[in-house]
Protein chains: 2
Amino acid sequence: MTIPAEDAPDALPARVGYLDVKRAVMDRIRGGIWGPGALLPGEVTLAEELGCARATVNRALTELSEEGIVDRKRRAGTRVRTAPRRLARLEIPLVREEIEDGGAAYRYALIRREIGTCPSWLRGRLGLAANAKVLDIECIHYADDQPFQVEERWIVIDTIPAAATVDFTSEGPNEWLVATVPFSDIRVSLGAEPAPEHVADHLGLAPGEAVFTAERTTWLEDQPVTFARLSFRRGYRMTMES
Amino acid sequence: MTIPAEDAPDALPARVGYLDVKRAVMDRIRGGIWGPGALLPGEVTLAEELGCARATVNRALTELSEEGIVDRKRRAGTRVRTAPRRLARLEIPLVREEIEDGGAAYRYALIRREIGTCPSWLRGRLGLAANAKVLDIECIHYADDQPFQVEERWIVIDTIPAAATVDFTSEGPNEWLVATVPFSDIRVSLGAEPAPEHVADHLGLAPGEAVFTAERTTWLEDQPVTFARLSFRRGYRMTMES
DNA sequence: ATCATTATTATGTCTAGACATGAGAGGGCA
DNA sequence: TGCCCTCTCATGTCTAGACATAATAATGAT
């Protein structure tokens, strides 16, 4: 029996925390000791084995379950997922932050701003009445004076009346909304489209060229707030980890 | 003072759980009582106010912090985020499940399978030596006999030697990998590209037509496992909520 | 005035023990 | 055999108390 060095993979620190438990479990899974579908020991057993309280093991396993690595069921126990949920958390950044984080200078320009009735294709998505009024905005975000993203946005005036009084010449609607609307439910849809003419113009693309679009619909307490279609410059890729 | 009905928004149940605390906090944020940037009471105060233990409040606030709604710092306290992290968890499903969940019949077809040296553009991404061998696979996933996704995949043989002996005629490489490789770190990149000719052929697109692509790189313990480029059929959108 | 040190404070985590809950296992009965 | 009821057990959650830690505020020395 060897005495493991302090930083050896299986060395446990004086005080065993939930991160140590997670690591220990992950090591066993990665090492093939607990293969896909394997049933882990119960929380009580694991806690004794690792030298900590059951609550600590519980927190570790709960997090591993949220991360899609194991599957937990009462009475049935904890199993390594056969088909790990390949999930990733995608953070949709504010354009300004994304551009400035990339070391470029951010610039914003408003193209169009008008109030009118909601187009029918959008009424369906948002569940609005036929005569609902929306604020329709089109603007561009530049990185070092190169067009980075075209934003087409519709804001439901009934839900956010204050929006009607903002002119959005110096600040983008997204930043204004984020600072104004307290919190909201979001649905995002990503896809590829042939660039419509006005988008192609602004982004310097050939009409019909492939453009990456993100559509974001926002609700506040079941009230539709806004719909935005973001079209990104050529070659843009959205990345995420874990 | 009125006696609130049992299901009124501020009615608290006999036993106050962390979900009740989350709800109570969210109600105050949405109701504008705690606007963006506001400092919440400390955990001890909140616990007394709501009638539960501090650990319960802690769990609630910790989750709200993970969800990007509040910001917590030691000594400084808990604040409502001024710019809520617009994050969403994106689950990249197994194609088969995605197709079958959509009520369509799944079919798989292998197009190409060969072992060779790793192309240089991929060597860079994976950090491989010049003479590294990879298994190069191209296949299609059909939904109701319509092409749904073209998968181009490279598997690093040094990391997963067993892959070299699988023929992948009846099972897709993704499903095989998921059932074989215990767990892994993933990086996903989403974008829009003009369809290269061989992809356009398989998906029934015009060459150069916009195609949505997901690129996924997978590691196991810092060892590169596989790189996959998934090209989706026309009009496909990837959606996520919250 | 400036810098280093100490005190304070809110969050972060752990523990031991308790009760709640959901679901599988087993038994009894028709 | 097939159905329903109860039993049992692993996880889910809560509590009260304790110590750990990071970051700010206050203090003291130069």
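All chains are named by letter (A, B, ...) in the order of the sequence lines, taking the proteins before the strands, and each is independently numbered beginning at 1.
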Atom CG of B:Asp222 with >12 non-hydrogen neighbours under 6.0 angstrom:
no
Using a strict threshold of under 4.0 Å (side-chain N to carboxylate O), is an ion pair present between [Y] and [X]?
X: A:Glu49; Y: A:Arg54; result: no
X: B:Arg81; Y: B:Asp71; result: yes
X: B:Lys22; Y: B:Glu67; result: yes
X: B:Glu43; Y: B:Arg72; result: yes
X: B:Arg216; Y: B:Glu151; result: no

Mind checking which nucleotides bracket the chain B contacts on DNA chain C, 5' to 3', with an atom under 4.0 Å from a heavy atom?
C:dT8 to C:dT13
Without decimals, in angstroms, what is the distance between B:Arg15 CZ and D:dG12 P?
17 Å
Between D:dG12 (P) and A:Leu46 (CG): distance, integer Å
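Result: 13 Å.
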Which sits closer to the 5' end of DNA chain C, B:Gly77 or A:Arg74, going by the nucleotide each is nearest to?
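Residue closer to the 5' terminus by nearest nucleotide: B:Gly77.
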Stepwise, does the side chain to side chain contact (heavy atoms under 4.5 Å, CB included) test hold for B:Thr213 with B:Leu230?
CA-CA 5 Å; B:Thr213 63; B:Leu230 313 174; over 6 Å; no
So, B:Asp144 side chain and B:Gln146 main chain: donor-acceptor pair closer than 3.5 Å or not?
no
Ring centres of B:Phe212 and B:Phe232 under 6.0 Å apart?
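Between B:Phe212 and B:Phe232, the centre distance is under 6.0 Å.
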When the ring centroid of A:Tyr236 is compared with that of A:Phe148, is the distance short of 6.0 Å?
yes
Enumerate all atom pairs, one protein N or O and one N or O from nucleotides 24-26 of chain D, separated by less than 3.5 Å.
residue, atom, partner, partner atom, Å
D:dT24, O2, B:Arg75, NH1, 3.2

Note: contacts of residues 53-63 of chain A with DNA chain C (heavy atom, under 4.0 Å) are A:Ala53, A:Arg54, A:Ala55, A:Thr56, A:Arg59
